[in-house]
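Report on the following structure.
In the text below, chain A, chain B and the rest are named by the order of the sequence lines, each starting its count at 1.
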Amino acid sequence: MPELPEVETSRRGIDQHLCGNTVAETRIRQRMLRWPVSEQIISGLAGQTITHTGRRGKYLLLFTGLGCVIIHLGMSGSVRIVDSSQPAGKHDHADFVMSDGAILRYHDPRRFGCLLWADLPVEQHSLLRSLGPEPLTDDFNGCYLFERSRGRKVPVKSFVMDSHVVVGVGNIYANEALFMAGIRPQTLAGKLSARRYSLLVQCIRQVISHAITVGGTTLRDFVGGDGKPGYFQQSLLVYGRAGKPCKTCANTLIEIRQNQRSSVYCPQCQD
DNA sequence: AAATCTCCCTGTAGGC
DNA sequence: TGCCTACAGGGAGATT
């Protein structure tokens, strides 16, 4: 599934094909995604030139002089550059046909993603306005996370997965980072010390940085055509390993559910 | 304000 | 083999 590293790698992969290029036509085959595809994308994008691309959290951004296309990949979405010889398949919901013939193709089986138009500045769009810091920038640090957590009674896992606190930490990363930091996912956010938040921030940065490195590799295969598997899975320490031995202490990993989401942890290594 | 719940959707895995 | 059900998950929006 597209995590922040894959969104960033997608952006880098499509950027050179789009920048300075003009949209000739949009073809929307399925307009019911998470929200209906914006009318401005369906009928008002042709003729506009894409000046640059960007990313905020897991939102991919395509800028023109008049506004910005906001793309979210949900959990099954992808974008790739194709040419007109490649026929649209099932779940290829949208094509952005560029004036040089390149096509940005949006694919999303589960339709949890979106294609929206926003006025500038896009940071003021309701979807982006209240997002927390990027996990790899300096404003995401131990002090920040500690301060934000004071008085919070949610489990720390829910806390770090809240995009208003920090963006890009999905279920997989949250599980992995908490294991690396030796913190149980159900520990209340408000109860953890500044020291432990400092360690947690380091672990979140590390797991996401690593996934970016590996995610890039995945994406190259992905964009290249055959889609699959993703080397990041090979690095998983706890996620998807419930019932298996902890790689540190060999104790059996336990699975619990927190707000309809699975958490896996080691009762020996995490407290 | 903060916490909790619901829902959007389809491919896949597991049970029979 | 094939059918059926449960489940996975990002995250906004509604509800408590």
Subject >> Angle between terminal axes - the helix from dA2(B)-dT16(C) to dC16(B)-dG2(C), 5 pairs each end, rounded to 10° >> reply: 50°
**OP:** Could I get the full list of salt bridge (charged side-chain N to carboxylate O under 4.0 Å, His left out) partners for Asp95(A), not counting sequence neighbours?
**Re:**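 If we apply the salt bridge (charged side-chain N to carboxylate O under 4.0 Å, His left out) test to Asp95(A), skipping adjacent residues, the hits are Arg29(A), Arg105(A).
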**OP:** Name all residues meeting the salt bridge (charged side-chain N to carboxylate O under 4.0 Å, His left out) criterion together with Arg56(A); count only those two or more places apart in sequence or in a different chain, and write none if there are none.
**Re:**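 With sequence neighbours excluded, Arg56(A) shows a salt bridge (charged side-chain N to carboxylate O under 4.0 Å, His left out) to Glu134(A), given in chain and number order.
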Subject >> N/O (side chain, Asn259(A)) to phosphate O (OP1/OP2, dT4(B)) under 4.0 Å >> reply: no
**OP:** May I ask you to list the residues of residues 104-116 of chain A, by number, that have any heavy atom positioned under 4.0 Å from an atom of DNA chain C?
**Re:**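 Here the set is Arg110(A), Phe112(A).
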Original post:
Does any residue of residues 145-167 of chain A have a heavy atom under 4.0 Å from DNA chain B, and if so, which ones, in number order?
Top reply: Arg152(A), Lys153(A), Val154(A)
**OP:** Assign the ring pair Tyr59(A) / His72(A) to parallel, tilted or perpendicular, where the plane angle (0 to 90°) is split at 30° and 60°.
**Re:**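 Ring orientation, 0 to 90° scale: perpendicular.
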Taking only N/O atoms, report every protein-nucleotides 14-16 of chain C pair under 3.5 Å with atom names and distance.
none

Members besides [X] in its Ile/Leu/Val/Met/Phe/Trp/Tyr cluster (side-chain heavy atoms under 4.5 Å):
X         : answer
Ile256(A) : Ile254(A), Tyr265(A)
Met32(A)  : none
Met161(A) : none
Leu199(A) : none

Donor-acceptor list for residues 112-132 of chain A side chains, cut-off 3.5 Å, not counting sequence neighbours:
residue   : atom : partner   : partner atom : Å
His125(A) : ND1  : Leu127(A) : N            : 3.0
Arg129(A) : NE   : Gln124(A) : O            : 3.2
Ser130(A) : OG   : His164(A) : NE2          : 3.4

Subject >> Value in whole Å for how far the P atom of dG10(C) lies from CD1 of Ile71(A) >> reply: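 Taking CD1 of Ile71(A) and P of dG10(C), I get 19 Å after rounding.
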Subject >> Pairs touching residues 32-41 of chain A that satisfy side-chain hydrogen bond (donor to acceptor under 3.5 Å, both in side chains), sequence neighbours left out >> reply: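 Qualifying pairs: Glu39(A)-Ser43(A).
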